[in-house]
Amino acid sequence: VSTQSTWGHFVVVHEVAQSQPPRHNSFKDKLRTIAAGVVLVFMVIASSSGIITVLESALICSYILVSIQCITLEQAFSSVQVRVLLAVVSTYGLGRAIHTTNVDKAMAACLFPIGVHFGPVGLLFVIFIASSILTNFVSSASVVILLYPVVKTMELKGLNPRAQILIMLIGASAGFATPIGNQTNLMVIRPGSYKFNDFAKVGGPLTLSLAVLSSLWFWIYYTYIHHGP
């Protein structure tokens with residue numbers, strides 16, 4: 001840390017507990033580096049192609065990484081963030097409650113007329129903005145779990161439901177407008193001497209630009225390019 005903190009290419013925020021420098025001195029370490037990259041590519045391809053599920057590919061890749069000693073079993077277990085898992089699991093209950101109490105239909109009834117007034121692109125735009133506003137204050141996983149039952153009820157003739165789900169996912173990742181919208185925002189706010197409204201000045205227009213471009217792209221793609229379900 002003392003060495004990297006004086007190097008102008010990096011900004012050291014804080015030292016990570018129980019962290020270790022990368023191993024790259026021995027020939028075996030170089031082979032493990034290549035193997036880790038191959039395992040990552042395999043996981044992405046296997047999951048995206050539908051050959052196996054994300055959980056199955058993650059378990060297989062974790063077993064391989066431990067077997068070839070890229071990481072130890074203790075490091076693998078210590079990397080599991082229990083707090084994040086508990087937050088996500090607890091949000092499922094809230095999302096289920098929103099659905100069973102018809103709150104999702106009430107929220108959809110409020111958002112749908114606003115967006116549908118401007119057509120399919122307007123509806124996609126509203127979904128993106130609603131997702132991005134929420135994700136600036138709560139985690140993206142929580143936003144997806146909460147808004148999924150709402151977006152699912154917003155059916156518009158001529159608009160593929162996949163477009164609505166995908167734009168919700170992108171909106172839930174657009175936490176640019178507040179420093180608490182993303183962990184990396186919190187990491188740079190202090191070293192960069194940023195203020196809360198600095199994120200709104202840059203992140204606000206960035207969010208709106210991404211909302212417009214995403215809405216147009218998904219409407220064009222699912223209307224003129226993709227004709228499947």
Side-chain angles (χ1 to χ4, degrees), residues 16 18-19 22 31-100 104 124 127-128 130-132 134-154 159-176 181-187 210-211 214-215 217-218 221-222 225-229:
V16 179
Q18 300 178 348
S19 62
L31 289 178
R32 292 187 183 107
T33 301
I34 297 173
V38 172
V39 168
L40 175 62
V41 172
F42 164 77
M43 178 179 174
V44 173
I45 294 176
S47 303
S48 59
S49 61
I51 299 174
I52 54 178
T53 64
V54 176
L55 177 60
E56 291 170 344
S57 63
L59 291 175
I60 293 172
C61 293
S62 298
Y63 177 79
I64 295 173
L65 292 176
V66 173
S67 300
I68 63 179
Q69 298 181 350
C70 279
I71 57 173
T72 63
L73 194 59
E74 291 76 15
Q75 289 174 329
F77 280 111
S78 63
S79 63
V80 178
Q81 300 182 13
V82 180
R83 291 186 178 181
V84 176
L85 291 176
L86 289 176
V88 172
V89 171
S90 61
T91 311
Y92 274 104
L94 183 56
R96 182 64 179 172
I98 289 176
H99 176 67
T100 55
D104 55 345
L124 295 174
I127 293 173
F128 185 102
S131 303
S132 62
L134 287 176
T135 203
N136 277 288
F137 300 98
V138 297
S139 68
S140 56
S142 301
V143 172
V144 172
I145 295 170
L146 291 173
L147 285 185
Y148 176 74
V150 178
V151 174
K152 191 170 62 172
T153 62
M154 304 169 101
L159 181 62
N160 194 311
R162 285 191 178 185
Q164 300 172 212
I165 300 300
L166 289 173
I167 203 164
M168 177 195 66
L169 295 176
I170 296 177
S173 302
F176 312 133
N182 194 283
Q183 297 92 330
T184 52
N185 295 4
L186 291 172
M187 289 174 63
L210 186 58
S214 300
S215 302
W217 165 247
F218 282 118
Y221 178 78
Y222 281 102
I225 302 175
H226 181 83
H227 300 289

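- No donor-acceptor pair under 3.5 Å is formed between the side chain of S47 and the backbone N or O of V44.
- The two atoms that bring Q164 and V151 nearest to each other are NE2-O, 3.3 Å, heavy atoms only.
- Partners of Y221 by ring-ring contact (aromatic ring centres under 6.0 Å, His included), not counting sequence neighbours, listed by chain and number: W217, H226.
- Contact of the T72 side chain with the V66 side chain is not registered, since no non-hydrogen atoms from C-beta on lie closer than 4.5 Å.
- Distance check, rounded to the nearest 0.5 Å: CD1 of I167 to CZ of R162 gives 16.0 Å.
- Taking CG of L134 as the reference point, atom OG of S140 lies at 11.5 Å (rounded to 0.5 Å).
- Summarising the geometry, atom CG belonging to L73 is positioned 12.0 Å from atom CG belonging to L65; distances are rounded to the nearest 0.5 Å.
- The closest side-chain heavy-atom distance from L210 to F128 is below 4.5 Å.
- Atom-to-atom distance recorded for S131:OG and N136:CG is 11.0 Å, nearest 0.5 angstrom.
- Side-chain contact between F218 and N160 is absent, with no heavy-atom pair separated by less than 4.5 Å.
- Minimum interatomic distance between A76 and I71 (heavy atoms only, all atoms of both residues): CB-CD1, 3.9 Å.
- Residues I127 and V150 form no side-chain contact, since every pair of their non-hydrogen atoms from C-beta on lies 4.5 Å or further apart.
- Listed for the T135 side chain is a donor-acceptor partner under 3.5 Å among the backbone atoms of A172.
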Passes side chain to side chain contact (heavy atoms under 4.5 Å, CB included), L124 versus L159? Steps please. CA-CA 9 Å; L124 295 174; L159 181 62; 4.1 Å; yes
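- The CZ atom of R32 lies 6.5 Å from the SG atom of C70; values are rounded to the nearest 0.5 Å.
- The shortest distance between side-chain heavy atoms of I68 and Y63 does not fall below 4.5 Å.
- From C61, atom SG reaches atom CD of E56 across 11.5 Å, with rounding to the nearest 0.5 Å.
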